[in-house]
Amino acid sequence: MKKETLSTLSRKYLMALTGLFLCFFLVIHLAGNFQLFLPEAQARESFNGYSKLLSGNIFIKAVSYILYASIIIHSIDALVITLFNRKKAGKYEYDKRGAVSKWYSRNMGILGTVILIFLVFHFKDFWYQYKFGSLPVDAAGNKDLYEIVIRAYGDLWYVLFYVLAMFALGYHLLHGFYSAARTIGVYHPRYVAFIRVFGTWYSYIITFGFAAIPLYIYFTHY
Ligand code: HEM
């Protein structure tokens with residue numbers, strides 16, 4: 001096996017593992033964000049208390065660093081693999097994958113870039129604000145992150161940007177899930193049906209679950 005091929009394989013493996021870890025994070029993040037659907041006073045107390053609990057926990061802090069590293073590794077590996085495939089694609093005229101694969105499978109790079117742009121804004125507006133901004137405090141004395149989230153979705157353009165980014169994320173997950181299953185070798189004929197159904201439902205729940213949050217806030221608060 002050529003050295004180049006071997007390193008591409010290990011890159012794909014690393015991308016699958018970091019991708020699956022990010023999938024796991026999204027479930028936890030969505031579950032935490034569902035507190036935003038509670039009645040206002042309860043949502044504020046519960047969401048701010050939960051954020052405080054997470055930020056003060058040493059174990060969660062350690063997992064956060066793994067999370068940041070996963071985002072960086074996943075993005076860099078994706079870039080390297082895309083560039084390598086593009087270089088290779090020009091050499092084989094018989095490569096007609098475009099004729100049978102889904103559009104989103106062929107555009108993972110573009111979808112990933114949209115998600116990365118989304119994350120830059122997301123980190124700036126929420127993560128940075130929470131860690132380094134001067135936030136108001138709620139009745140319990142906790143940083144009022146709930147207020148920051150509500151204020152952010154007062155702008156319809158921002159809401160639409162989030163919804164669009166969630167659809168990019170959904171299509172990215174739809175392909176990424178099968179791709180990761182294939183790479184780590186669990187796409188066995190016996191489990192194919194299960195992986196397909198699970199991957200599809202997972203992608204739908206994440207997409208519509210996250211997209212519903214800015215829409216709900218915009219239409220109930222503004
Ligand atoms: C409408 C949906 C979303 C809302 C309301 C939301 C809200 C938040 C808030 C308030 C924070 C700051 C809390 C903190 O740092 O402890 C945060 C952090 C974060 N969010 Fe989101 N989020 C949403 C969607 C997403 C999506 C779709 C992704 C990934 C594609 C994502 C990735 C992250 C990451 C990586 C962090 C940093 C977590 C950490 O520091 O441990 N979020 N989000």
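Indexing begins at 1, ligand by ligand and atom by atom, following the structure's order.
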(request) Just do the side chain to side chain contact (heavy atoms under 4.5 Å, CB included) check on Tyr130 and Val149 with the steps written out, would you? (result) CA-CA 10 Å; Tyr130 190 64; Val149 175; over 6 Å; no
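- For Phe194 and Tyr191, the distance between ring centers is not under 6.0 angstrom.
- The nearest protein atom to atom 15 (O) of ligand 1, hydrogens excluded, is given as Trp127 CD1, 3.4 Å; this is a heavy-atom distance.
- Near Tyr162, meaning under 4.0 Å from any of its heavy atoms, are these atoms of ligand 1: 1 (C).
- Considering backbone and side-chain atoms alike, Tyr130 places every N or O at 3.5 Å or more from each N or O of ligand 1.
- Counting atoms of ligand 1 from 1 in the listed order, those under 4.0 Å from a heavy atom of Leu169 are 27 (C).
- Within the 4.5 Å cutoff, the side chain of Tyr153 has no heavy atoms near those of the His221 side chain.
- In this structure, the protein non-hydrogen atom closest to atom 11 (C) of ligand 1 is Phe126 CB, 3.7 Å.
- Inclusion of Ser64 in the set of residues having an N or O under 3.5 Å from an N or O of ligand 1 is warranted.
- Nearest protein neighbour of atom 13 (C) of ligand 1, counting heavy atoms only, is Leu145 CD2, 3.8 Å.
- Considering backbone and side-chain N/O of Tyr153, none are found under 3.5 Å from N/O of ligand 1.
- Considering Tyr128, Phe25, Phe118 only, the shortest heavy-atom separation from atom 34 (C) of ligand 1 involves Phe25.
- The distance between the ring centers of Phe208 and Phe167 falls below 6.0 angstrom.
- To the nearest 0.5 Å, atom NZ of residue Lys12 and atom OG of residue Ser179 are 4.0 Å apart.
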(message) Determine whether Asp138 and Glu45 satisfy the following criterion, side chain to side chain contact (heavy atoms under 4.5 Å, CB included), listing intermediate values before the conclusion.
(response) CA-CA 8 Å; Asp138 66 11; Glu45 192 192 325; 5.6 Å; no
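- Distances from ligand 1 to the non-hydrogen atoms of Pro214 include at least one value under 4.0 Å.
- Looking only at protein heavy atoms, the nearest one to atom 2 (C) of ligand 1 is Phe210 CD2, 3.4 Å.
- For a threshold of 3.5 Å applied to N or O pairs, the pair formed by His29 and ligand 1 contains at least one separation below that value.
- Using a 4.0 Å cut-off between heavy atoms, Ile148 makes no contact with ligand 1 at all.
- For atom 4 (C) of ligand 1, the closest non-hydrogen atom on the protein side is Asn33 ND2, 3.3 Å.
- Remark: of the listed residues Tyr162, Trp127, Tyr128, Tyr162 is the sole one forming a side chain to side chain donor-acceptor pair (under 3.5 Å) with His122.
- Relative ring orientation between Phe118 and Phe161 is described as tilted, the plane-to-plane angle lying within the 30° to 60° band.
- Between Tyr68 and Phe123, the ring planes are perpendicular. Angles over 60° get that label, and only those under 30° would be called parallel.
- Between the side chains of Asp125 and Tyr158, at least one donor N or O lies within less than 3.5 Å of an accepting N or O.
- Looking at Ile60 against ligand 1, nothing comes within 4.0 Å, counting heavy atoms.
- With Asp144 contributing its side chain and Asn48 its backbone, the two residues share no donor-acceptor pair below 3.5 Å.
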(request) Just do the side chain to side chain contact (heavy atoms under 4.5 Å, CB included) check on Tyr202 and Val27 with the steps written out, would you? (result) CA-CA 9 Å; Tyr202 170 83; Val27 175; 3.5 Å; yes
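- Atom 7 (C) of ligand 1 has its closest protein heavy atom at His122 CE1, 3.6 Å.
- In this structure, Leu30 has no heavy atom closer than 4.0 Å to ligand 1.
- Protein heavy atom at the shortest distance from atom 38 (C) of ligand 1 is Leu67 CD2, 3.9 Å.
- For Met166, the closest heavy-atom approach to ligand 1 falls below 4.0 Å.
- For the pair Leu54 and ligand 1, no heavy-atom separation below 4.0 Å is found.
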(message) side chain to side chain contact (heavy atoms under 4.5 Å, CB included), that's the test. Do Thr113 and Ile117 meet it? Break it down for me.
(response) CA-CA 6 Å; Thr113 306; Ile117 294 170; 4.3 Å; yes
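- In summary, the atoms of ligand 1 found under 4.0 Å from a heavy atom of Tyr68, numbered by their order in the structure, are 39 (C), 40 (O), 41 (O).
- Closest protein heavy atom to atom 29 (C) of ligand 1: Leu26 CD2, 3.6 Å.
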